[in-house]
2 protein chains.
Amino acid sequence: MPVKDVGTEQLIRETARRVFFVEGKLHATTQDIADAAGINRPSLHYYFRSKNELIKQVYEEAKGEMAVKANAVLGSDLPFREKVEHFITIFFNYVTGSPYLQSFLINEIKCKNPLLPKNTGTPPDVRKFLSEVEEEMKKGTIRTTSPENFMINLFALVSYPIIMKPLYLDFFEYSSDDYDRLMMERKAMIMEMIFG
Amino acid sequence: MPVKDVGTEQLIRETARRVFFVEGKLHATTQDIADAAGINRPSLHYYFRSKNELIKQVYEEAKGEMAVKANAVLGSDLPFREKVEHFITIFFNYVTGSPYLQSFLINEIKCKNPLLPKNTGTPPDVRKFLSEVEEEMKKGTIRTTSPENFMINLFALVSYPIIMKPLYLDFFEYSSDDYDRLMMERKAMIMEMIFG
DNA sequence: AAATTTGCTGACAAATTTGTCAAACATAAT
DNA sequence: ATTATGTTTGACAAATTTGTCAGCAAATTT
């Protein structure tokens with residue numbers, strides 16, 4: 001958990017991210033965040049006008065970061081198979097590191113801040129990737145469906161099991177370690193599912 | 001949205017479910033729920049000692065319902081292929097009807113109510129299903145992995161795209177209708193992915 | 001070194017949310 | 001009609017959460 005010494009503002013932002021995305025405290029109060037950051041609440045208000053402002057910044061930052069990450073991976077010029085493999089690795093780690101990020105995002109989209117600024121830029125190199133996918137389907141490397149669904153499958157197979165871990169631990173009475181062992185198998189399995 | 005006329009208590013419970021699971025208002029106040037139900041707040045406290053009590057009941061009810069549903073579908077005596085197909089249909093509809101349910105559950109598990117009663121019964125007929133999966137793998141009907149991951153894939157491929165719809169609409173600037181059209185393709189596609 | 005800016009703090013105020021209670025109300029039983 | 005029982009309501013109180021502000025301290029500038 002590297003905390004840059006760039007100053008209190010950054011510290012607060014990063015702490016908020018940790019509380020929301022890693023610890024999953026979606027109802028965290030400003031006091032919770034201040035405590036976690038080891039500062040006091042008025043400081044938080046000094047740097048961020050309001051709680052909403054802090055959340056908005058963290059939200060935008062996270063959304064942007066995710067887009068950049070997807071962009072970098074899907075837009076790279078690796079051969080297709082390697083690109084998919086790389087994507088799985090990168091996003092597996094990313095989601096594992098911030099398991100509550102996506103839940104936070106969908107919650108913010110619907111719940112509060114009804115007028116969050118529209119998405120900054122148009123889609124990333126996702127377009128490029130989607131046409132690559134289409135090409136591979138024509139070549140017969142992968143099963144034929146809509147490229148969009150191919151990509152959604154990729155995200156689903158990588159993200160969902162990590163995001164929902166608490167639920168499955170509860171449902172199926174697995175130990176955390178057992179579950180993690182299952183996760184280890186998944187990269188190879190997903191590759192197998194896609195490329196046969 | 002059928003609201004039984006069985007009385008206020010039931011009305012409140014069902015309204016709470018709607019607000020949380022369908023509308024995704026995870027931060028809803030007791031006032032929000034009372035308003036949505038067309039009653040006033042003290043009534044809510046008359047039937048449920050506290051907000052926490054209401055949430056606990058709704059949480060338990062939903063978790064149980066989900067287990068029952070999974071049980072009924074996975075424990076049926078349909079042939080394997082039909083069973084999987086049936087599962088996809090049933091859960092696609094279920095998740096579509098309550099897209100925020102799973103988010104609500106994982107949030108409650110970690111966030112509040114640290115001492116929610118442990119899972120009621122041991123796993124459902126999931127065991128049975130898992131051994132059926134194993135058998136099919138031996139028969140070569142489906143790809144070989146751990147049966148648990150097979151099942152997790154099923155849940156992931158069905159649930160994730162529906163749950164994360166708001167996120168993907170935002171990211172890829174799809175219209176809601178376009179996205180829904182993608183969803184329609186998925187049942188056939190998932191069957192294809194699994195049975196080749 | 002005085003002055004100005006910048007960051008931090010405790011104490012306070014406002015707003016929101018939750019919980020309580022006694023009185024009003026309805027309905028059915030006595 | 002009166003009582004008893006369960007339900008609803010307005011008014012109030014408590015608790016929680018958010019936001020403000022004047023003052024203090026450290027650092028920077030002049």
Side-chain angles (χ1 to χ4, degrees), chain A residues 3-21 23-61 100 103-104 107-108 110-116, chain B residues 3-21 23-61 100 103-104 107-108 110-116:
Chain A
V3 173
K4 290 180 200 160
D5 193 12
V6 185
T8 311
E9 180 171 343
Q10 198 58 19
L11 170 66
I12 295 173
R13 231 190 305 272
E14 285 172 14
T15 305
R17 292 168 58 103
R18 198 185 73 220
V19 170
F20 290 133
F21 305 161
E23 298 168 17
K25 300 279 183 193
L26 256 56
H27 297 356
T29 67
T30 52
Q31 188 64 254
D32 293 333
I33 297 171
D35 289 349
I39 55 128
N40 55 23
R41 218 163 42 73
S43 285
L44 189 149
H45 279 85
Y46 175 75
Y47 290 103
F48 309 87
R49 203 176 311 287
S50 65
K51 183 185 181 181
N52 240 332
E53 177 62 23
L54 171 59
I55 288 186
K56 212 174 70 180
Q57 287 193 23
V58 166
Y59 170 87
E60 290 301 331
E61 195 180 297
Y100 293 92
S103 296
F104 174 87
N107 189 47
E108 284 307 313
K110 276 284 159 189
C111 179
K112 325 195 101 173
N113 306 330
L115 302 177
L116 280 170
Chain B
V3 172
K4 290 179 201 162
D5 192 12
V6 185
T8 311
E9 180 171 343
Q10 198 59 18
L11 170 65
I12 295 173
R13 231 191 304 271
E14 284 172 14
T15 305
R17 291 168 59 104
R18 199 186 72 222
V19 169
F20 289 132
F21 305 162
E23 298 168 15
K25 301 280 184 192
L26 257 57
H27 296 356
T29 66
T30 52
Q31 188 65 255
D32 293 332
I33 296 171
D35 288 349
I39 54 125
N40 55 23
R41 217 163 44 72
S43 285
L44 189 149
H45 279 85
Y46 174 75
Y47 290 103
F48 308 87
R49 201 173 310 288
S50 66
K51 183 186 182 182
N52 242 330
E53 178 62 22
L54 171 59
I55 289 187
K56 211 173 71 180
Q57 286 192 24
V58 167
Y59 170 87
E60 288 302 329
E61 195 180 296
Y100 293 92
S103 297
F104 174 87
N107 189 46
E108 284 307 315
K110 273 286 160 189
C111 180
K112 326 194 102 174
N113 305 331
L115 300 177
L116 282 170

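Just so it is clear: chains get the letters A, B, ... in the order the sequence lines come, proteins before strands, and each one is counted from 1.
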**OP1 or OP2 of D/dT17 under 4.0 Å from side-chain N/O of A/T30** = no

**Fill in**
Per atom distances to the A/P42 side chain, the nearest of D/dC21, C/dT18, D/dT8 is D/dC21

**Prompt:** In whole angstroms, how far is the P atom of D/dT17 from the CG atom of A/D35?
**Reply:** 11 Å

**Whole-Å gap separating P (D/dT7) and NE2 (B/H45)** = 17 Å

**Asked** Rounding to a whole Å, what distance do you find between B/K51:NZ and C/dT16:C1'?
**Response** 11 Å

**Prompt:** Does a side-chain heavy-atom distance below 4.5 Å link B/D32 with B/K25?
**Reply:** no

**Request:** Would you kindly give the NE2-to-P distance between A/H27 and C/dT16, to the nearest whole Å?
**Result:** 18 Å

**Asked** If you look at every strand shown and take non-hydrogen atoms under 4.0 Å, does A/T29 touch a base, only sugar-phosphate, or nothing?
**Response** sugar-phosphate

**Asked** So, is A/N40 near the phosphate of C/dG10, with a side-chain N or O under 4.0 Å from OP1 or OP2?
**Response** yes

**Message:** From CD1 of B/I12 over to C1' of D/dT8, roughly how many Å is that when rounded to an integer?
**Reply:** 11 Å

**Asked** For D/dT8, does OP1 or OP2 lie under 4.0 Å from any side-chain N or O of B/T8?
**Response** yes

**Message:** How many whole angstroms separate atom CD of B/E53 from atom C1' of C/dT18?
**Reply:** 15 Å

**Message:** For A/F104, is there any backbone N or O sitting under 3.5 Å from a side-chain donor or acceptor partner on A/N107?
**Reply:** no

**Message:** Looking at A/R41 and D/dG19, is any side-chain donor or acceptor paired with a base atom of the opposite kind under 3.5 Å?
**Reply:** yes

**Complete:** B/Y46 atom OH is separated from D/dG10 atom P, nearest whole Å, by 17 Å

**Asked** Could A/E14 and A/R18 be called an ion pair, given the rule that one side-chain N must be under 4.0 Å from one carboxylate O?
**Response** no

**Message:** If you define the side chain from C-beta out and look only at heavy atoms, does anything of B/R13 sit under 4.5 Å from B/F48?
**Reply:** yes

**Prompt:** B/Q31 CD to C/dT17 C1': how many Å, rounded?
**Reply:** 9 Å

**Asked** Partner of D/dT30 by Watson-Crick or G-U wobble geometry, both contacts under 3.5 Å, or none?
**Response** C/dA1

**Carboxylate-amine/guanidinium proximity below 4.0 Å for B/E60 and B/K56** = no

